[in-house]
Amino acid sequence: MTGWKTAPTGVGAGTRGVRGVRGVRWRRAVSQAGRSVTVWAVSTLTMLVLAGILPDFRLQSPDGDSATTIAMTAAAGAGVFGVLSALAWPLLVRLLLLVPALVLGLLVFFLNGSLLLLALRLNPSGQSEAAPETAVIVAAVMSAVASATGAALAVRDDDAYRRRLYRLADRRRRGGPACPATPGTLFLQLDGVGHDVLVAAVRKGLMPTVERWLGDTLAAAADAEGGTGEPGSSVSGRPPAATVPSSASSASAAPRATHRLTLWRTDWSSQTGASQLGILHGSNHDLPAFRWYEKDTGEVMVCNRPTSAAELQRRAVERTRDGGLLSAGGASRGNLFSGGADEQALVLSIAARRRSRETRSRAGYFAYFSDPANAVRTALSFVAEVVREIGQSTRARLRGDRPRVGRGGLYPFVRAFATVVERDVVVAAVMGDMLAGRRAVYADLVAYDEVAHHSGPLGRDTEQVLGRLDRALALIETVAEHAPRPYRIVVLSDHGQSPGETFHARYGLTLGDLVRAGCGLPVPRRAQHTHSGAEARAAVRAALRRPVEETHGGREPSGRRSEPIVLASGNLALISFPDVPHRMSKEEIDARHPALLSTLANHPGVGFLLVRSEEHDGVVLGAYGARIPLDRLDDDPGPLAVFGPGAADAVRRTHTFPHTADIMVNSCYDPADGEVLAFEEQIGSHGGLGGAQARPFLLSPLALSAPAADGEELVGAEHVHSVLRRWLRESDGPQVPLKTAREEPAQEERAA
């Protein structure tokens, strides 16, 4: 048969086999030596060019030398620098593992420059020298050129490329047990990428890797639905959108799918904190929003604050009595929570703890910074991203784009960190985890979410980010082919994003201003003159039959109760009265502030309110006096009808949380264009109900069981957790004791 060869037999064959092995080794050694000489030559040429350009860097004596002497000096300097980088650099990085990633990234340039200065001192000619600041530049350029040259030469040699991929994890693998042949599982979270956005990006050709994974199923789904995949089309409202069998003629030319695409629905709090806590730890109970006020402690909890993240993780572990999805030998990269993983990098919930051997991340920092060229490439990409953001925001301002939010100040640097530094470190950590053969990895790539908040979820800015995320997926897929065990790559999102202008931009005042006006409290002069502010103050005058208090000289009147705390989480807001130790009822709020609830419920920018009721336990309030008890929402959804199926269940569940605010406010939603109004300065928002923000996706290999049975919806992050846990068992991954695992926590929660 073609492709088969007869095995050699006999003593002669054995001798030939030994000689063949020796021949392969010699060819490999010669190839490696050739690449080393080429890299050395390129580095020498780079050093000569830099010496001719930079005034504080010279390779000759003050009296001048011949060209041959200068070339020999450059060759010696490049050689010594290369040897020092290969031998000393990994040791230096290991000594600095306890340093935070960003600080270590900055130290890389200083240390690299120091190695160059040492190399120049060790140069036998003794004629080369450089100023310290110039040495940093020279070292950075030489490291980048040497790394690029070595990578380009290795790409043409499969064996060399494989050895290059194994290099960073080889020492860890040697010291550990043999890697089993059972598949590992990699969970990659594309933060904020909604189901609709992913489908539209694939059909536009922006994400060829995902398109190849979906193959014929996406084309068949398009033909079966007759949709375009754009937000608001039929594709966006039919879960799962890409699980239709390939039967359409247009799908015949497409490759066979390797993955299935499933739409799932978030809880009311459609944001990373609630979703990721539920996915990784199996419980997001008592997490009503991204930020909220807790009356029993007097603290404002914020999901991306290290102390809050640590406390939320502790509560989830206490509730489930389980360490998390990754508790048996997993790795957590770039997440808010650890998932119980042993290996962690850029995990917020451990940032508040003292760094130790248990909390530092060898696979994260070492895999990335052991090659100084990584920091050079990241720094250049960082600068390019800052310039790109400034250019994009300037063009948007000149075009007069609407809606638009401010993108100045530190935001270009925040964006660059999220889209470049965080991405590079997390991807490098994931590569190291796969090459080390870890059984389960969960990593979060936050680039799209950060850009979409300020540029909007749809547009050229975010399309570029989606393309770069797809390239990261392709790189990870390539590395997986060289891992010591097979990997099943699962891609998912924690929420989507809904477009729309801000509440402040449309009405000229913030929700906080409206609450103060509804309470009869002083408001800024700009808010007093808005239509919404005037209506609120008129309602207060009518309810109290007395004038509203005015400010005097900018100072608040004395003798007032503590003022309400208004916290925004995208298009969801929470209003709490801190001087009342319990959750106030509608009756108590009406007695204290007679015009507040009606002012909020009747405002055109508000979709609905949730408050506790002494008569009905809980009620949903809407415009024109709508007041629907929670137990009657199925028969009469009232203001929730526009938010689609599942809204009533999500609201009822949040009502049971101990730390639900006195008043929960969800902004209005226009189903025609999918827009919401953000209570924060974001034109792409998430956090509440309404539109694409509540429709993330789950992209899983066909080798794994279907996430949900036919006709069953995947609802809530806790339900997703049970699916991922099941897949880990199917892959013979981390084994979690069944007696402590809650298989269907979301269903148990609703049943309770």
### Query
Any side-chain heavy atom of V317 within less than 4.5 Å of one from D322?
no
### Message
Rounded to the nearest 0.5 Å, what separates atom CD in Q344 from atom CD1 in I350?
### Response
4.0 Å
### Query
Which pair of heavy atoms, one from M434 and one from I476, lies closest together, and at what distance?
CE-O, 3.4 Å
### Query
Can T182 and R485 be counted as having a side-chain donor-acceptor contact under 3.5 angstrom?
yes
#### Entry: Presence of salt bridge, E311 and R314, under 4.0 angstrom
yes
### Message
Checking S349 against Q313 for the side-chain hydrogen bond (donor to acceptor under 3.5 Å, both in side chains) test, could you report, in this order, the C-alpha distance in whole Å, the side-chain angles of both residues, the deciding distance, and whether it holds?
### Response
CA-CA 7 Å; S349 62; Q313 180 173 310; 2.8 Å; yes
#### Entry: Test: D444 and R423 ion pair at under 4.0 Å
no
#### Entry: T258 vs R212, side chain to side chain contact (heavy atoms under 4.5 Å, CB included): CA-CA, chis, key distance, verdict
CA-CA 8 Å; T258 60; R212 173 168 48 82; over 6 Å; no
### Query
Taking it one step at a time, do L277 and L336 satisfy side chain to side chain contact (heavy atoms under 4.5 Å, CB included)?
CA-CA 8 Å; L277 187 65; L336 294 179; over 6 Å; no
### Query
Roughly how far, to the nearest 0.5 Å, is CG of L326 from CZ of R438?
9.5 Å
### Check against side-chain hydrogen bond (donor to acceptor under 3.5 Å, both in side chains), E477 and T209
CA-CA 9 Å; E477 183 186 32; T209 304; 5.3 Å; no
#### Entry: CA sep, side-chain torsions, deciding dist, call: S338, L280, side chain to side chain contact (heavy atoms under 4.5 Å, CB included)
CA-CA 8 Å; S338 71; L280 287 176; over 6 Å; no
### Query
Which heavy-atom pair separates V386 from A416 by the least distance, and what is that distance?
CG2-CB, 3.7 Å
### Task
Let me see the working for L704 and V490 under side chain to side chain contact (heavy atoms under 4.5 Å, CB included), right down to the final yes or no.
CA-CA 10 Å; L704 298 172; V490 177; 3.9 Å; yes
### Query
Going from CD on Q189 to CG on L698, what distance comes out if it is rounded to the nearest 0.5 angstrom?
11.0 Å
### pair P696-T266: side-chain heavy atoms closer than 4.5 Å
yes
### Message
Working to the nearest 0.5 angstrom, can you tell me the gap between L214 CG and H259 NE2?
### Response
8.5 Å
### Message
Could you tell me if the side chain of V199 sits less than 4.5 Å from the side chain of F697, heavy atoms only?
### Response
no
#### Entry: For E450, all residues meeting side chain to side chain donor-acceptor pair (under 3.5 Å), sequence neighbours excluded
none
### Task
Please round to the nearest 0.5 Å and tell me the distance separating atom OG of S269 and atom NE2 of H495.
9.5 Å
### Query
With side chains defined as the heavy atoms from C-beta onward, is the minimum distance between L445 and V426 less than 4.5 Å?
yes
### Summary
All heavy atoms of T320 vs all of S283, minimum pair found to be CG2-CB, 3.6 Å
### Message
What I'd like to find out is whether the side chain of V427 reaches to under 4.5 Å of the side chain of V425, using heavy atoms alone.
### Response
no
### Query
Between CZ of R319 and NE2 of H281, what distance do you get to the nearest 0.5 Å?
14.5 Å
### Query
If you look at every heavy atom in S275 and A717, which pair is closest and at what distance?
O-CB, 3.3 Å
### Heavy-atom closest contact (A201 atom, L466 atom, distance)
CB-CD1, 3.9 Å
### Charged N-O contact under 4.0 Å between E730 and R488
no
### Message
Go through it in stages, so that I can follow the logic: the residues are R315 and E318, the test is salt bridge (Lys or Arg N to Asp or Glu O under 4.0 Å), and I'd like the CA-CA distance, side-chain angles, deciding distance and then a yes or no.
### Response
CA-CA 5 Å; R315 294 177 186 179; E318 184 179 78; over 6 Å; no
#### Entry: salt bridge (Lys or Arg N to Asp or Glu O under 4.0 Å) evaluation trace for R439 with D433
CA-CA 9 Å; R439 293 180 290 179; D433 290 327; over 6 Å; no
### Task
Would you tell me whether D191 and T272 have side-chain atoms, one donor and one acceptor, within less than 3.5 Å of each other?
yes
### Task
Identify the two heavy atoms, one from H721 and one from G278, that lie closest to each other, and give their separation to 0.1 Å.
CB-O, 3.1 Å
### Task
Verify side-chain hydrogen bond (donor to acceptor under 3.5 Å, both in side chains) between Q276 and D494, making sure each step is shown before the conclusion.
CA-CA 7 Å; Q276 201 175 85; D494 49 346; 5.5 Å; no
### Query
Could you go step by step and tell me if D449 and H686 meet the side-chain hydrogen bond (donor to acceptor under 3.5 Å, both in side chains) rule?
CA-CA 10 Å; D449 191 61; H686 57 90; 3.3 Å; yes
### Task
Report yes if some heavy atom in the side chain of V491 is under 4.5 Å from a heavy atom in the side chain of W213; otherwise report no.
yes
### Task
Decide whether R726 and S705 meet the rule of one side-chain donor and one side-chain acceptor closer than 3.5 Å.
yes
#### Entry: Flag side-chain contact, heavy atom, 4.5 Å: N335 against L348
no
#### Entry: Test item: Y487 and P183 side chains (from C-beta on) under 4.5 Å apart, heavy atoms
no
### Task
Indicate the ring-plane relationship of Y442 and F187, choosing parallel, tilted or perpendicular according to the 30° and 60° boundaries.
tilted
